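Right, one structure below, let's go through it.
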Amino acid sequence: MAVPVQLFAMTDTDVDPRAGASTATAEPAPQELSSLVTLDAASLYSWKNHRSRSVYHVAQADTAPELYTAAAPQRRLSWETGEGKSYLIPALEIPAFIVLLNAFDRVYFHDKKTEDGKRTYATNPSTFWHQLTHQDWTFDQDTFKVNQFGHPYEGATMYGLARSAGLNFWQSLAYSNVGSFLWEMGGENSRPSTNDLITTGNAGALLGEVLFRMADLVLEEGGSNPPLGHRLAAAAISPPTAVNRLLFGKRFDTVFPNHSPATLWLVRGGFSLDVHSKNLSAPVKEPSRDSIGILEFSMAYGLPGKPGYSYNRPLDYFNFEISTRARQHNLVDTLTVRGLLKGKTYEMGRDYRGIWGLYGSYDYISPYLFRVSSTALSLGTTGQYWIGPGVAAQGSLLGGVGFGATGLESDVAEERGYHYGVTPQVLLAMNFLFGERAMLDLTGRWYYVSSLGPDHDGSESVFRGHGALTVRIHGSHAIGIQYSESIRNTNYANIPTKYRAEGTISLVYTFVSDRAFGAVEWRDPADR
């Protein structure tokens, strides 16, 4: 019996069946197969399909459409039943990826050596057995961008190989952690690194899930047979997804069911300039004054309040931000991910809808003054409140603890360059949405990298504040002004206590995916 594939059905292990979704296995009627419902929810490509609005209207109040395709082959992946998924394929792909990465590093970093003079990447079965039997773990001092950015992306790749083979979030998380352990045993000759194990397997899973979801949004927008442009864009976002789709034909072609989340994404480009700095060391102070080009992308996925949307799977809500600066030695300025791992919806009156529960986060923040990174679990909430006609406030409040690291941009003799520790942290993010005209974004992050960890002689306190005003000019085009404040306090037994601060201002052009700036409407027209 042929089975229709429902691209908006739930997964077998991630979710419960969606209310109202068909679970019949009978052959659909011919008229159903010939009818293709256009996706009209905001996504990475929906900016081309803006609807005219004679009065204020939020597009994201739509209910989820349903999309049917013809019967699938027997071994084709079904996200609803789990048929066609594979535990074996990623179990073979991840070691193969580790071998290829080691081969690349062996050539590109040929002269890099460990403390005892061995070539770092000249590994073999003998070195693997030595690492496995000795378990001589440490906290390494590799560069900040390698440890806190490179390793999470490596983990995201291994996670993506498992996820795109049909496994759920938790199963793929296990694969990325096993892959991280295998790299520490067989990828390098240096002592295995505890901090790398944490960031590769866990921060990598959070980043990998976000990239997987965004890539599948692009594929979903392309319909049952995505055009080449959509497939190339998805491959750029999540290469492991493209690899499995390419290697295994139609088996893993089934697009993950996103269930039409309410989304907002923005692309910004412009210039940034430091406007003040305090107590910067000489090697840092002068270059920090330079005006530089910037490029930023952010996406909110699964914004609360959309009728019919549920949060049964990890990261059915997430917020993703990445910003780059035109500095060759420090290209990635900010990369942050926060997502709901396990939670529930709630409401207060007719004007407020929210979600609350356990969140996972991965932060990498690297202004010119310093660098801070954290992988954490937090309790918190995200919600939206209608303040008045066409005016809404969206926000998140999270508090939790993770494992963090801080470091310096430059090698300054009188400073401590690297610090690891247990990291309590707090996040407060607010968006004020003024109809279709403007958005005010205010975000504050605080980290306390404590002495509970490998470093027992001190601690650091880091604050990062960001504010942005975006004004829509025409269609999806807007202009904006942004300000960021970075503050670092250090307190160590062997160096003087120091306070450093830096502020930057940016002027940007912004492309907005939704003219209402992501406001979600659930109220009856008479109540608005």
Side-chain angles (χ1 to χ4, degrees), residues 1-25 28 36-37 39 41 43 64-90 93 159-175 205 208-226 230-231 234 237-238 240-261 263 301-302 308-318 339-341:
M1 179 70 70
V3 181
V5 177
Q6 292 188 348
L7 295 187
F8 287 92
M10 297 290 184
T11 65
D12 61 324
T13 53
D14 286 338
V15 296
D16 297 323
R18 187 172 179 168
S22 174
T23 58
T25 58
L36 180 67
V37 182
L39 298 178
S43 73
E66 294 197 12
L67 180 63
Y68 292 95
T69 64
Q74 183 178 0
R75 291 298 297 167
R76 191 166 184 173
L77 173 64
S78 168
W79 290 103
E80 181 179 353
T81 66
E83 181 183 1
K85 70 180 179 181
S86 175
Y87 295 98
L88 177 61
I89 288 174
E93 288 179 325
Y159 174 93
L161 291 170
R163 193 72 166 102
S164 58
L167 305 188
N168 67 22
F169 174 86
W170 302 110
Q171 294 164 342
S172 303
L173 172 67
Y175 274 75
E209 178 69 11
V210 166
L211 298 178
F212 172 77
R213 294 274 187 125
M214 291 194 297
D216 271 44
L217 272 180
V218 174
L219 294 171
E220 192 173 65
E221 185 68 23
S224 59
N225 185 24
H230 286 68
R231 285 184 276 126
I237 296 170
S238 178
T241 300
V243 167
N244 277 340
R245 289 171 63 90
L246 179 65
L247 292 180
F248 299 98
K250 294 186 178 298
R251 177 172 180 177
F252 297 136
D253 275 359
T254 307
V255 177
F256 180 77
N258 286 283
H259 300 148
S260 190
T263 64
Y301 173 109
Y309 186 76
S310 59
Y311 299 87
N312 298 314
R313 306 170 299 184
L315 273 70
D316 273 338
Y317 165 80
F318 69 76
L340 184 69
L341 295 174

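Remember, it's a predicted structure, so these values are computed and weren't measured experimentally.
Rounding to the nearest 0.5 Å gives a distance of 7.0 Å between OG1 of Thr263 and CG of Leu217.
Across all their heavy atoms, Ser86 and Leu167 have their closest contact at O-CD2, 3.7 Å. Across every non-hydrogen atom of Pro226 and Leu219, the tightest pair is CG-O, 3.6 Å. Across all their heavy atoms, Tyr309 and Ser260 have their closest contact at CD1-O, 4.3 Å. Summarising the geometry of Pro90 relative to Ala165, their closest heavy-atom pair is CD-CB, 4.0 Å, with the distance given to 0.1 Å. The nearest pair of heavy atoms linking Asp253 to Arg245 is O-NH1, 2.8 Å.
At least one donor-acceptor pair under 3.5 Å links the side chain of Tyr311 to the backbone N or O of Gly302. Between the side chain of Thr254 and the backbone N or O of Leu77 there is at least one donor-acceptor pair closer than 3.5 Å. Between the Arg213 side chain and the Asn258 main chain, no donor and acceptor come within less than 3.5 Å of each other. Using modelled atom types, no side-chain atom of Arg76 and backbone atom of Gly84 make a donor-acceptor pair closer than 3.5 Å.
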*asked:* Working note: Met214 + Tyr301, criterion side chain to side chain contact (heavy atoms under 4.5 Å, CB included); need CA distance, chi angles, decisive distance, verdict.
replied: CA-CA 9 Å; Met214 291 194 297; Tyr301 173 109; 5.8 Å; no
* Given the rule in the side chain to side chain contact (heavy atoms under 4.5 Å, CB included) test, do Leu315 and Leu340 qualify, once you have shown the distances and angles that lead to the verdict? -> CA-CA 5 Å; Leu315 273 70; Leu340 184 69; over 6 Å; no
Can you check side chain to side chain contact (heavy atoms under 4.5 Å, CB included) on His259 and Asp316, steps first, answer last?
CA-CA 9 Å; His259 300 148; Asp316 273 338; 5.5 Å; no
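Taking the six-membered ring for Trp and thresholds of 30 and 60 degrees, Trp79 and Phe256 have ring planes more than 60 degrees apart, a perpendicular arrangement.
Every side-chain contact (heavy atoms from CB on, under 4.5 Å) that Leu247 has, sequence neighbours left out, goes to Glu93, Val243. For Ser164, the side-chain contact (heavy atoms from CB on, under 4.5 Å) partners two or more places apart in sequence, or in a different chain, are Phe212, Thr241, Asn244.
Looking at heavy atoms from C-beta onward, Arg163 lies out of side-chain contact with Ser238 at the 4.5 angstrom threshold. With a 4.5 Å cut-off on side-chain heavy atoms, Phe169 and Arg313 do not count as touching.
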